[in-house]
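Chain letters run A, B, ... following the sequence lines, proteins first, then strands; residues in each count from 1. Side chains included, hydrogens not; waters and symmetry mates left out as well; all remaining heavy atoms used.
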There are 2 protein chains.
Amino acid sequence: MSTVRLLVLGSILRKGISHGYAVFSDITSWRADTWTNVKPGSIYHALDKLESQGMIRSVNSEINVKLGPSRKEYAITQKGGSEFIALLESALVSVDIQQLSVGIAFMDMLPRQRAIGLLQQCRIALERSIHFLKSLPTDERPTDPSKHPELVGIWVNYVENEAATTERILVNVQAGKYEFKSDLLEGE
Amino acid sequence: MSTVRLLVLGSILRKGISHGYAVFSDITSWRADTWTNVKPGSIYHALDKLESQGMIRSVNSEINVKLGPSRKEYAITQKGGSEFIALLESALVSVDIQQLSVGIAFMDMLPRQRAIGLLQQCRIALERSIHFLKSLPTDERPTDPSKHPELVGIWVNYVENEAATTERILVNVQAGKYEFKSDLLEGE
DNA sequence: GTATATCTAATCAAATTTGAATACCAGAGG
DNA sequence: CCTCTGGTATTCAAATTTGATTAGATATAC
């Protein structure tokens with residue numbers, strides 16, 4: 001699963017009503033040179049797809065009429081809301097750093113406890129992955145690339161680093177850092 | 001650029017003559033649960049494309065006739081050899097860990113000095129990336145996801161880790177570790 | 001000896017992504 | 001007022017990737 005749908009739904013949700021170009025500039029402004037190399041084409045495709053699936057519906061808030069050619073504006077439907085949550089939850093347990101990142105970006109849309117639970121699951125998955133990677137045989141004069149010590153090393157490092165990062169976030173979230181949607185309802 | 005072409009060319013080069021399924025099992029056996037989630041379809045597509053571009057040509061070494069349905073076998077052409085080198089060099093300077101990994105897997109097909117040069121370039125690019133990421137503003141109560149400290153943190157960590165890994169490999173390669181194609185010609 | 005699982009090998013339609021192109025509008029400079 | 005530049009907004013064809021399916025051959029188990 002790529003992150004485009006999640007990014008698009010999240011971006012629209014944050015704004016209430018949005019359109020392709022706004023989603024695009026949102027997303028690219030969030031870029032860190034590294035993650036999210038999402039191209040405009042993918043976004044418009046995702047929008048069409050999401051609309052045809054009833055996840056978003058087009059609205060026309062004539063409010064924002066200004067600048068340049070006309071836009072198609074969208075809002076999230078109920079179904080789209082559920083889809084967003086589903087995608088978000090699966091991103092937050094992902095071992096893939098791109099997905100995990102997007103999950104972190106939107107984790108505050110979940111109840112804090114739920115986010116904690118998912119991050120813990122993620123931790124466990126990462127541990128398993130480390131264990132697996134460390135079990136791979138290596139060879140200083142590898143017959144095939146898979147046995148190259150540096151190659152295995154890269155991935156052990158990568159996953160260990162991600163595990164540490166996840167752990168740190170988990171600790172912060174558990175300690176009450178950052179504002180979660182749920183905090184507003186119960187706390188205060 | 002994805003890594004499929006590089007992986008396919010590299011796999012065929014290592015074997016001399018190969019076919020789709022062999023490339024596929026090669027690649028998946030090299031998997032580390034993490035990288036290279038390359039599906040069969042992509043490989044066969046890449047093979048067709050590479051053949052139509054004259055990078056590989058089909059041969060039939062009736063030598064390996066055994067087991068299961070019949071295969072289409074391929075060998076690398078001169079043009080394909082150059083393409084392989086080009087892809088390999090660009091992978092070795094990539095900041096993307098998937099690409100860098102594949103680059104490491106095949107770096108021994110370059111002269112040692114060339115690999116060192118490319119890894120140094122990669123190091124520099126990573127430093128620049130770290131510098132950029134660290135310059136991004138963050139906010140404990142972020143208005144948009146890009147300012148989330150954890151999100152920026154993930155990427156700083158990720159790139160720093162990759163820089164450290166690259167440095168380590170560089171040191172090893174400079175110290176004469178691993179066998180490079182070029183070593184056989186000059187050394188000994 | 002015969003069903004059945006498993007490994008080998010490839011294909012294909014559908015979905016997605018890429019990259020380039022198009023078009024609209026506003027402001028700046030001559 | 002006219003043209004050029006740059007930001008806004010979307011579209012589209014072509015390329016690639018995905019996921020499921022097909023299918024041959026061999027081994028296994030009954």
Side-chain angles (χ1 to χ4, degrees), chain A residues 1-9 11-12 15 17-29 31 35-53 55-56 58-74 83 87 96 98-99 102, chain B residues 1-9 11-12 15 17-29 31 35-53 55-56 58-74 83 87 96 98-99 102:
Chain A
M1 181 210 33
S2 94
T3 59
V4 187
R5 283 166 75 90
L6 177 51
L7 245 7
V8 168
L9 288 171
S11 170
I12 300 178
K15 288 214 200 305
I17 289 176
S18 196
H19 57 101
Y21 189 69
V23 173
F24 174 67
S25 22
D26 248 25
I27 292 177
T28 52
S29 88
R31 84 160 183 313
W35 66 309
T36 62
N37 47 332
V38 183
K39 313 292 165 59
S42 309
I43 291 168
Y44 288 98
H45 167 75
L47 285 170
D48 286 350
K49 191 77 199 297
L50 286 166
E51 188 179 18
S52 79
Q53 293 176 320
M55 306 289 185
I56 60 181
S58 67
V59 296
N60 63 332
S61 74
E62 294 295 346
I63 308 157
N64 298 324
V65 219
K66 60 172 84 78
L67 288 175
S70 68
R71 325 159 160 174
K72 281 183 206 158
E73 298 191 304
Y74 299 96
E83 172 76 352
L87 291 172
D96 176 87
Q98 302 242 352
Q99 294 194 206
V102 181
Chain B
M1 180 210 32
S2 94
T3 58
V4 187
R5 283 166 74 92
L6 178 51
L7 244 9
V8 168
L9 288 171
S11 170
I12 300 178
K15 288 215 199 309
I17 289 176
S18 197
H19 57 100
Y21 188 69
V23 172
F24 174 68
S25 23
D26 247 26
I27 292 177
T28 52
S29 87
R31 86 163 179 315
W35 67 309
T36 62
N37 46 332
V38 182
K39 313 291 165 58
S42 310
I43 291 167
Y44 288 100
H45 167 75
L47 285 170
D48 286 350
K49 191 75 198 297
L50 287 166
E51 187 179 18
S52 80
Q53 293 176 321
M55 306 288 184
I56 59 179
S58 68
V59 296
N60 64 332
S61 74
E62 293 294 346
I63 309 158
N64 298 323
V65 220
K66 60 172 80 77
L67 287 173
S70 67
R71 324 158 160 174
K72 281 182 206 158
E73 298 190 305
Y74 300 95
E83 173 76 352
L87 291 172
D96 177 87
Q98 302 242 353
Q99 295 195 207
V102 180

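- Here C:dA10 is the nucleotide among C:dT17, C:dA10, C:dA15 with the atom lying nearest to any side-chain atom of B:H19.
- Taking 4.0 angstrom as the limit, B:S2 places a side-chain polar atom (N or O) nearer than this to OP1 or OP2 of D:dT17.
- Shortest non-hydrogen contact noted between B:E73 and B:I17 is CB-CG2, 3.9 Å.
- One interatomic measurement links the two molecules: CG of B:L47 to P of D:dT17, which rounds to 13 Å at whole-angstrom precision.
- Regarding A:D48, its CG atom lies at a distance of 14 Å from the C1' atom of D:dA9, rounded to whole Å.
- Residues satisfying the side chain to side chain contact (heavy atoms under 4.5 Å, CB included) test with A:Y44, not counting sequence neighbours, are A:Y21, A:P40, A:L47.
- Note on B:E51 versus B:K72: no salt bridge recorded, every NZ/NE/NH1/NH2 to OD/OE distance being 4.0 Å or above.
- Proximity note for A:Y21 (side chain, C-beta onward) versus D:dT17, C:dA10, D:dT10: the nearest is D:dT10.
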Which protein N or O atoms sit under 3.5 Å from an N or O of nucleotides 18-20 of chain D?
unit_1: D:dG19; atom_1: OP2; unit_2: B:K39; atom_2: NZ; d: 2.9

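- Between A:I27 atom CD1 and C:dT18 atom P there is a gap of 12 Å when expressed in whole angstrom units.
- As a whole-Å value, the separation of B:K72 NZ from C:dA9 P is 14 Å.
- Without hydrogens or angle criteria, A:S29 side chain to A:D26 main chain gives a donor-acceptor distance under 3.5 Å.
- Side chain of A:S11 to main chain of A:V8: no donor-acceptor pair is present (N/O by atom type, distance under 3.5 Å, no hydrogens or angles).
- Taking A:S18 as the reference, A:I12, A:K15, A:A22, A:V23 meet the side chain to side chain contact (heavy atoms under 4.5 Å, CB included) condition, with sequence neighbours excluded.
- Atom CD in A:E73 sits roughly 14 Å away from atom C1' in D:dT10 (whole-Å rounding).
- Between B:K49 atom NZ and C:dT18 atom C1' there is a gap of 12 Å when expressed in whole angstrom units.
- Of the candidate nucleotides D:dT16, C:dT8, C:dT17, C:dT17 has the atom lying nearest to any side-chain atom of A:H45.
- Comparing C:dT17, C:dT8, D:dT16 by their nearest atom to the side chain of B:R71 picks out C:dT8.
- Counting to the nearest Å, the C1' atom of C:dT17 and the CZ atom of A:F24 are 14 Å from each other.
- Rounded to a whole Å, the CG atom of B:L7 is 11 Å from the P atom of D:dT17.
- Between A:I56 and A:Y74, the shortest heavy-atom contact is CD1-CD2, 3.6 Å.
- Both B:Y44 and A:A46 lie close to DNA chain C; mapped to their nearest nucleotides by heavy-atom distance, the more 5′-ward contact belongs to B:Y44.
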